[in-house]
Amino acid sequence: MPAAPLVVHVGLIGPGKVGSALLTQLRLAAPRLLRDCRLDLRLRAVSDSRHMWLDCDDEALNGRTHGAQTWRPAELDEFAAYVAGDGGAPAVLADCSASDLVADRYAGWLAAGIHVVTPNKRAVSGPLDRWLRIGAAAGASGARLHYEGTVGAGLPVVHTLRDLLDTGDELTGVEGMLSGTLAWLFNRYDGTLPFSALVRQAHALGYTEPDPRDDLSGVDVARKLVILAREAGIALSLEDVAIRGLVPAELSACDRETFMENLEALDAPMAALLAEARLAGGVLRHVARLDGRRASVGVEVVEPDHAFAHARLTDNVVRFATRRYCDNALVVQGPGAGPEVTAAAVFADLLRVAGAMGVKRCAC
């Protein structure tokens, strides 16, 4: 007789764009995973910032209709306890929020043996003392925390670095284009249109955050650099990263509407940078760098034959320089934005948790 399926209880926090994509992917993959891998993923609960829905085996809820089932006010620890149930089945929480409040719960959940998979950058790049507590909790309980979706969306960036380190390699430096939004802007910016016009285009296409300053400030890229540094055992914090943002000081503290109305303030500084790049015979790219504990993020002029000069559309490009890859850096490149690919990274992390429990890998 075939072995009984492994039942895994799943709870999802943050059913926004990424979370909704993950719900769809889970629903579509469930029959194949049960048939081919003997893996029974059971969605037990969904929570947003205000509501939580329990016993989530309802097709309408999985399709993101809030009225699918009776909801109650969100309470994160109650939510996690419900997903865990009586402890008879392993439990995984997929945090698809961008919330520090959720990240604050990770250590407690992991200590209780609840696994966590997430694209939430605030958890991994936030206060160092919290990150150390999270690591200690996971180490003590054996519960797993996976966060591939925090850097490069669906690209295998974090696990590539982890594999290098686990096999005895040593990281000497990281150089990367880590924002799909900024990659798109600088791939398009050739002086034909003002930079502000491209920002408005990107905003209209949904490439930017609702407030484009979240992209243009460089803070999001700096968080990704901190994550890679910490993965390599470097105790880096966000305040250690030298960030050269693109938002003029006079527009950094105003409301979003005022910022959008005054986007033209970006044009003169960006035109000057473009002229500098052309004078040097290069192109502008937004680059993150890590060399030891020296970390920086900002616009740079790169040579025409540099790997970054040939990136397309929203491509992320990460170059790992290591003891093994010293003469020619190891490059990971591909689309670095989008809810579908980010959700797929979270799903893959969930399957890694199941794989650690003995679930066989499924054929495509």
Side-chain angles (χ1 to χ4, degrees), residues 16-17 49 97-101 120-122 125-127 150-151 153 176-227 236-280 282-289 295-302 308 311 313-316 336-339:
K17 290 182 179 179
S49 60
S97 76
S99 168
D100 269 313
L101 292 175
N120 184 352
K121 290 182 282 292
R122 292 179 179 272
S125 66
T150 57
V151 183
M177 289 172 53
L178 300 178
S179 167
T181 301
L182 292 168
W184 186 89
L185 286 170
F186 284 104
N187 280 326
R188 297 290 302 276
Y189 184 50
D190 60 3
T192 303
L193 292 174
F195 194 75
S196 60
L198 291 174
V199 173
R200 287 196 170 93
Q201 283 185 19
H203 188 256
L205 291 167
Y207 289 165
T208 73
E209 294 295 327
D211 187 335
R213 286 174 295 188
D214 293 341
D215 302 293
L216 298 172
S217 69
V219 173
D220 187 64
V221 171
R223 288 189 183 280
K224 297 173 185 179
L225 197 61
V226 168
I227 291 167
L236 198 71
S237 294
L238 193 59
E239 55 267 25
D240 299 323
V241 183
I243 305 173
R244 302 184 303 279
L246 302 180
V247 180
E250 65 271 17
L251 295 180
S252 61
C254 62
D255 59 62
R256 182 180 66 182
E257 289 69 25
T258 301
F259 172 71
M260 294 301 293
E261 290 169 1
N262 291 274
L263 272 177
E264 284 71 20
L266 300 171
D267 292 339
M270 292 307 304
L273 286 174
L274 182 61
E276 176 187 337
R278 286 177 168 167
L279 187 63
V283 297
L284 292 176
R285 293 292 184 263
H286 192 272
V287 179
R289 294 187 183 278
S296 64
V297 167
V299 177
E300 296 184 6
V301 178
V302 302
F308 295 169
L313 301 175
T314 62
D315 272 6
N316 278 196

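Just so it is clear, the model here is predicted, and its values are computed rather than measured. Side chains included, hydrogens not; waters and symmetry mates left out as well; all remaining heavy atoms used.
Between Val247 and Arg213 the shortest heavy-atom distance is CG2-CG, 3.8 Å. Listed here is the closest heavy atom pair of Leu266 and Pro248: CD2-CD, 3.4 Å. Taking each heavy atom of Ser179 and Val221 in turn, the nearest pair found is CB-CG2, 3.6 Å. Residue Asp220 comes nearest to Lys121 through the heavy atom pair OD1-CE, 2.6 Å, listed as atom of the first residue, atom of the second, then distance. Taking every heavy atom of both residues into account, Asp315 and Met177 meet most closely at O-CE, 4.1 Å. Taking every heavy atom of both residues into account, Leu193 and Ala197 meet most closely at CB-CB, 4.4 Å.
Atoms CG and OG, from Leu225 and Ser296 in turn, are 7.5 Å apart once rounded to the nearest 0.5 Å. Atom SG of residue Cys254 and atom CD of residue Glu261 lie 9.0 Å apart, to the nearest 0.5 angstrom. A distance of 8.5 Å separates OG1 in Thr258 from CG in Leu251, rounded to the nearest 0.5 Å.
A salt bridge does not link Asp211 to Arg256: none of the charged side-chain nitrogens sits closer than 4.0 Å to a carboxylate oxygen.
The side-chain heavy atoms of Leu279 and Glu276, taken from C-beta on, include no pair separated by under 4.5 Å. Taking 4.5 Å as the limit, some side-chain heavy atom of Met270 sits within range of a side-chain heavy atom of Leu246. Looking at heavy atoms from C-beta onward, Leu178 lies out of side-chain contact with Val287 at the 4.5 angstrom threshold. Counting heavy atoms from C-beta on, the side chains of Arg285 and Asn187 come closer than 4.5 Å. The closest side-chain heavy-atom distance from Val297 to His286 is below 4.5 Å. Between Trp184 and Gln201 the shortest side-chain heavy-atom distance falls below 4.5 Å. Side-chain atoms of Arg244 and Val299, non-hydrogen and from C-beta on, never get closer than 4.5 Å to each other. The shortest distance between side-chain heavy atoms of Asp190 and Leu274 does not fall below 4.5 Å.
Distance alone, capped at 3.5 Å, places no donor-acceptor pair between the Tyr189 side chain and the Leu284 backbone. Listed for the Arg122 side chain is a donor-acceptor partner under 3.5 Å among the backbone atoms of Ala98. Between the side chain of Ser217 and the backbone N or O of Val219, at least one donor-acceptor pair lies under 3.5 Å. In terms of modelled atom types and a separation under 3.5 Å, the side chain of Arg223 and the main chain of Leu238 share no donor-acceptor contact.
In summary, the aromatic rings of Phe308 and Phe186 are positioned with their centroids too far apart to meet the 6.0 Å limit.
With Leu185 as the fixed residue, the side-chain contact (heavy atoms from CB on, under 4.5 Å) test singles out one of Asp215, Leu216, Thr208, Thr314: Leu216.
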*Go through the steps to decide whether Asp255 and Phe259 satisfy the test side-chain contact (heavy atoms from CB on, under 4.5 Å), and finish with yes or no.*
CA-CA 6 Å; Asp255 59 62; Phe259 172 71; over 6 Å; no

*Residues His203, Met260; criterion side-chain contact (heavy atoms from CB on, under 4.5 Å); working and verdict*: CA-CA 10 Å; His203 188 256; Met260 294 301 293; 4.0 Å; yes

